Amino acid sequence: MADRLSINDNRTGNKHELTLSYGTHVNAGSAISAKDLREIKTSDQDFGVLVHDPGFMNTSACKSSITFIDGEAGILLYRGYPIEELASKSTYLEVAYLLLHGELPNESQLDIWTTDITNHTFLNEKIKKFLDGFRYDAHPMGILVSALASLSTFYPKSRNVQDEEIRARSIRRLIAKIPTLAAFAYRYSVGLPYAYPDNDLSYSGNFLNMMFRATETKYNPDPVLEKTLDVLLILHADHEQNCSTSAMRAVGSSDADPYVSVSAATAGLYGPLHGGANERVLEMLSEIGTVKNIGAYIEKVKQGEFRLMGFGHRVYKNFDPRAKILKNLAEQVFEVTGRNELLDIAVELENVALNDDYFVKRKLYPNVDFYSGIIYQAMGIPVEMFPVLFAIGRTSGWLSHWEEMRRDPELRIARPRQMYTGYPKRDYLKIDARQ
Ligand code: ACO
């Protein structure tokens, strides 16, 4: 017999039995169906009980088998594989395949997948005219959000979201084209001519080529930096039902096509509390300026003047495992690029915060954004591109959730309820009767 939860309604004296369902991991939690709560009423006219959960602190919006996070233990698994193993042994394209298909590809599957993605990296030339309309100093994230949505008009068949083959093609196109769009957005914003994809290079190597190629006929990415970028993309690839993924699912649930849905997800990522945080981490480290100013800065954070960017997480209440990987990676990158004082400030800031009661009590640890910004900067990637890089990595995660959602028999349009707290019904006031 299924496990049940009993609720005694002391308004009516009725007892209600709610069925519990469980996730597959020991710490995945159990859930009741929120709809069952609607049966708990005081009369037939009563609407029933709602769950009030601003910010979705404790609401399961879907069943998903893609990513598991144990925030208390600092565990992150993609399709069951620990992030640490994927970061050290896999590649971004292989991880994207894993997220989308549920299993690691065999050799021939990986070959076909890589060729498919590589064959879709070019953009329709008209996109360049579209980009021309932006102001000379447009933020590349704003350009990316718009350019992604514009792809929907280039591929109108993608609106048929019921067709599995069309969905698969859209997915391949998006994963292939987002680095090109992103690099074009950057080159436009700094007035450089566009560098076209080089399909002989790896996914990450090609992105560096499109960002940095100058007059050379063949761009050869530094292997350490190419690997580092690949690891960063792996670490950002998915993080279950975060703000941008929830936007992807919410917009996609209306049967919107994947291009506008990924555009909406990218907009969600743009905010400084989500993907924009690494940009803010760098601003913060530059503002601190030197290790000896850290104490005074921390005091201001504790006074509530502002937050320590790159610290804290809705789910991780222990170390963010991605931050641990990045801290080690930062040291390797600095061996190639030379040391940067910001890393010293970051390391010391982390030390001070982790030993301070304010942060310990609130379980505030460095998150993925704390070190990613410093690494990107050392690689020569401009600050405005940080959230753009996050979007490139997260695209495979967004699309995995979108595909999972499309196949989910429980799929309904996302339409939360509310606790109405306004006026009861009242009569219209003529203008001369208003105060
Ligand atoms: N610096 C200082 N204090 C903080 C911080 C921080 N970075 N984050 C949380 N707190 C404090 C809050 O003031 C609050 O204290 P109080 O209980 O005394 O009021 C307590 O910790 C709980 O904070 P909440 O805002 O309730 O935590 P929530 O889970 O809603 O927020 C969030 C999570 C948005 C990530 C938050 O920690 C934050 O703003 N961090 C800085 C921005 C950042 O780094 N974002 C990147 C997140 S990772 C990602 O998106 C990839």
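Along the sequence shown, residues are numbered consecutively beginning with 1. Just follow the structure's listing: the first ligand is 1, and inside any ligand the first atom is 1. Just so it is clear, the structure is predicted and the values come from calculations on it, not from any experiment. Below, all heavy atoms of this structure are taken into account, side chains as well, without hydrogens, waters or symmetry copies.
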So which protein heavy atom does [atom] come closest to, and at what separation?
| atom | answer |
| --- | --- |
| atom 45 (N) of ligand 1 | L273 O, 3.3 Å |
| atom 7 (N) of ligand 1 | L308 O, 2.7 Å |
| atom 16 (P) of ligand 1 | R362 NE, 3.6 Å |

Given that the side chain starts at C-beta and the backbone is N, CA, C, O, which of these parts of [X] lies under 4.0 Å from ligand 1, counting heavy atoms, or is it both or neither?
| X | result |
| --- | --- |
| V368 | side chain |
| D369 | side chain |
| N367 | side chain |
| V281 | neither |

Is [atom] touching the protein, meaning some protein heavy atom lies under 4.0 Å away?
| atom | answer |
| --- | --- |
| atom 19 (O) of ligand 1 | no |
| atom 26 (O) of ligand 1 | no |
| atom 30 (O) of ligand 1 | yes |
| atom 2 (C) of ligand 1 | yes |

Between [X] and [Y], does at least one N-O distance fall below 4.0 Å, as a salt bridge requires?
| X | Y | answer |
| --- | --- | --- |
| K302 | E299 | yes |
| E331 | R339 | yes |
| D198 | R213 | no |

According to the interplanar angle, ranging from 0 to 90°, do the rings of [X] and [Y] count as parallel (below 30°), tilted (30 to 60°) or perpendicular (above 60°)?
| X | Y | result |
| --- | --- | --- |
| H313 | Y316 | tilted |
| F184 | Y196 | perpendicular |
| H101 | W113 | perpendicular |

**OP:** Look at atom 43 (C) of ligand 1 and find which of A323, A277, G55 reaches it with the closest heavy atom.
**Re:** A277
Original post:
To which of H313, R307, R314 does the heavy atom nearest atom 34 (C) of ligand 1 belong?
Top reply: R307
Min N/O separation [X] to ligand 1 under 3.5 Å:
| X | value |
| --- | --- |
| F311 | yes |
| L364 | no |
| F306 | no |

Original post:
Which of the atoms in ligand 1, numbered in the order shown and given with their element, are less than 4.0 Å from a heavy-atom of G310?
Top reply: 43 (C), 44 (O)
**OP:** Say whether F390 and ligand 1 are in contact under the criterion: heavy-atom distance to a ligand atom below 4.0 Å.
**Re:** yes
Original post:
Quick one: does Y358 get a heavy atom under 4.0 Å from ligand 1?
Top reply: yes
Subject >> Inter-residue atom distance D408.CG - S253.OG, 0.5 Å rounding >> reply: 11.5 Å
Subject >> Nearest-0.5 Å distance that lies between atom CG in L144 and atom OH in Y270 >> reply: 10.5 Å
Original post:
Side chains of T121 and N199: do they bring a donor and an acceptor to under 3.5 Å?
Top reply: yes
Original post:
Does F56 CZ have over 12 foreign heavy atoms under 6.0 Å away?
Top reply: no
Subject >> Test applied, ring pair (Phe, Tyr, Trp, His ring centres under 6.0 Å); reference residue, Y259; option that passes from W402, F154, Y155 >> reply: Y155
